[in-house]
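Computed over heavy atoms, backbone and side chain alike; hydrogens, waters and symmetry mates excluded.
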Amino acid sequence: MNKTLFVTVSSIEWFSLFCLIFTMFRFRMKDHILQIIFASVIMSQFSFLIAGAEDISVIAPVLQFFIVFLFLWLMFRIHIFYAAVMTTFGYGWFLFIQTVLALVVESYPPLYLIQLGSSAFILFLCMFSSRYRLGFSFIPDNHHIKLNLKGENLRLLVLVILTAITISIYYLFVLEGFLLLTFFIMLLILGLFLYSAIKKEKEMINEKYY
């Protein structure tokens, strides 16, 4: 894949990831659209650089995950804990969708077709979620809040760590042919993450109204 095609497809892919993250936690996309486009282009350039470096390409998901986290924390000004929650939950679902797509196709199409297919599906999900106001609203707008790491927050932290570990070994498992195993591990962790996020949402609603 030449650089122009790689960067274009990668930019669309990263744009869909950021859209997924922000839509999932009910952030107003139009308030952040320029920053999202900027972050997507930067991430695509970074992806191109590490794709050509064979010695670090294996740990590419870890590096990309960390940079997405830094964007949410430092550029979008989200509290460091919640930036980690948003990154792991969004990135995890993103990889899960790509894994599902890879499993359902009968042949092995070019990678960029899987990237574009998953991106198109994710953008459709984002539009659907925005239209019907789906998602979680427990992420605060204030990045200076004090946080107590107990209860659901502690469970979310444990799941952030587990998801980050899974993401870090994701491509190693895929390269070794354990795609189906990776699918079930990610499904289990994301299921627990979803359960904890729902409980956190209910907790926030109860605190607000009672």
Side-chain angles (χ1 to χ4, degrees), residues 9-27 29 32 35-47 50-51 56-76 78-103 111 114-123 125-126 129 135-136 138-139 155-175 179 182-197 200:
V9 172
S10 185
S11 295
I12 296 171
E13 185 179 31
W14 287 112
F15 180 80
S16 68
L17 171 61
F18 280 109
C19 287
L20 177 66
I21 291 172
F22 280 90
T23 304
M24 187 178 290
F25 293 96
R26 296 175 66 175
F27 278 68
M29 287 289 299
H32 305 283
Q35 295 98 316
I36 289 174
I37 293 173
F38 173 78
S40 301
V41 173
I42 295 299
M43 288 301 302
S44 69
Q45 296 290 337
F46 179 74
S47 298
I50 61 178
I56 62 172
S57 60
V58 176
I59 61 170
V62 182
L63 298 176
Q64 292 166 335
F65 171 87
F66 184 67
I67 294 177
V68 170
F69 162 73
L70 290 179
F71 270 123
L72 293 179
W73 175 33
L74 299 176
M75 189 172 78
F76 293 101
I78 297 169
H79 187 279
I80 185 170
F81 172 77
Y82 290 111
V85 170
M86 291 173 71
T87 304
T88 50
F89 203 32
Y91 205 106
W93 277 109
F94 184 80
L95 288 180
F96 177 76
I97 290 169
Q98 285 195 330
T99 303
V100 171
L101 186 60
L103 286 170
L111 178 61
I114 293 180
Q115 291 173 294
L116 289 175
S118 59
S119 298
F121 179 71
I122 288 168
L123 290 174
L125 285 180
C126 291
S129 299
F136 304 102
F138 64 82
I139 303 291
R155 278 186 279 274
L156 281 172
L157 177 62
V158 172
L159 289 168
V160 163
I161 295 171
L162 288 175
T163 308
I165 293 172
T166 303
I167 289 171
S168 68
I169 62 174
Y170 175 82
Y171 282 113
L172 284 176
F173 271 58
V174 171
L175 290 173
L179 186 61
T182 308
F183 168 83
F184 284 112
I185 292 173
M186 190 68 77
L187 180 62
L188 174 62
I189 294 176
L190 289 175
L192 293 172
F193 217 138
L194 185 62
Y195 173 77
S196 190
K200 178 69 176 175

Who passes side chain to side chain contact (heavy atoms under 4.5 Å, CB included) against Leu116, sequence neighbours left out?
-> Val9, Ile12, Tyr112

Can you tell me how far CD of Gln45 sits from OG of Ser10, rounded to the nearest 0.5 angstrom?
-> 8.5 Å

If you look at every heavy atom in Ile21 and Thr87, which pair is closest and at what distance?
-> CD1-CA, 4.5 Å

Does any pair with a residue in residues 155-164 pass salt bridge (charged side-chain N to carboxylate O under 4.0 Å, His left out), and if so which ones, sequence neighbours excluded?
-> Glu152-Arg155

Residue pair Val62 / Phe66, side-chain heavy-atom distance below 4.5 Å = no

What are the two closest non-hydrogen atoms of Ala197 and Leu156, and how far apart are they?
-> N-CD2, 4.4 Å

Output the distance between atom OG1 (Thr163) and atom CG (Leu190), rounded to the nearest 0.5 Å.
-> 6.0 Å

CG on Leu159 to CG on Leu192, rounded to 0.5 Å = 6.0 Å

Give me the ring orientation class for Phe136 and Phe25: parallel if the planes are under 30° apart, tilted from 30 to 60°, perpendicular past 60°.
-> tilted

Is the Phe18 ring parallel, tilted or perpendicular to the Phe76 ring (thresholds 30°, 60°)?
-> tilted

How about Ile50 and Gln64: do any of their side-chain heavy atoms sit closer than 4.5 Å?
-> yes

Nearest heavy atoms of Glu13 and Gln115, plus distance in Å = OE1-NE2, 2.8 Å

Nearest-0.5 Å distance, OG1 of residue Thr166 to CD1 of residue Ile185 | 6.5 Å

Closest non-hydrogen atom pair between Leu20 and Gly90, with its separation | CD2-O, 3.6 Å

Those residues that, when tested against Ser118, pass side chain to side chain contact (heavy atoms under 4.5 Å, CB included) (two or more places apart) = Ile97, Gln98, Leu101

Here the gap from His32 atom NE2 to Met75 atom CE, rounded to the nearest 0.5 Å, amounts to 10.0 Å

Taken in chain and number order and not counting sequence neighbours, the residues that satisfy ring-ring contact (aromatic ring centres under 6.0 Å, His included) with Phe193 are Phe89

How many angstroms lie between CD1 in Ile67 and CE in Met43, if you round to the nearest 0.5 Å?
-> 5.0 Å

Evaluate the side-chain proximity of Ser16 to Phe94: yes if any heavy-atom separation is below 4.5 Å, no if none is.
-> yes

Does Phe71 reach the side chain of Val68, with side-chain heavy atoms less than 4.5 Å apart?
-> no

How would you list all residue pairs meeting side chain to side chain donor-acceptor pair (under 3.5 Å) that involve residues 183-195, not counting sequence neighbours?
-> none

Note: Ile80 and Phe69 closest approach over all heavy atoms is O-CE1, 3.5 Å

Trp14 and Ser44: which non-hydrogen atoms are nearest, and at how many Å?
-> CD1-N, 3.7 Å

Check: Ile122 and Trp93 side chains under 4.5 Å, non-hydrogen atoms | no

Listed partners of Tyr91 passing ring-ring contact (aromatic ring centres under 6.0 Å, His included), at least two apart | Phe65

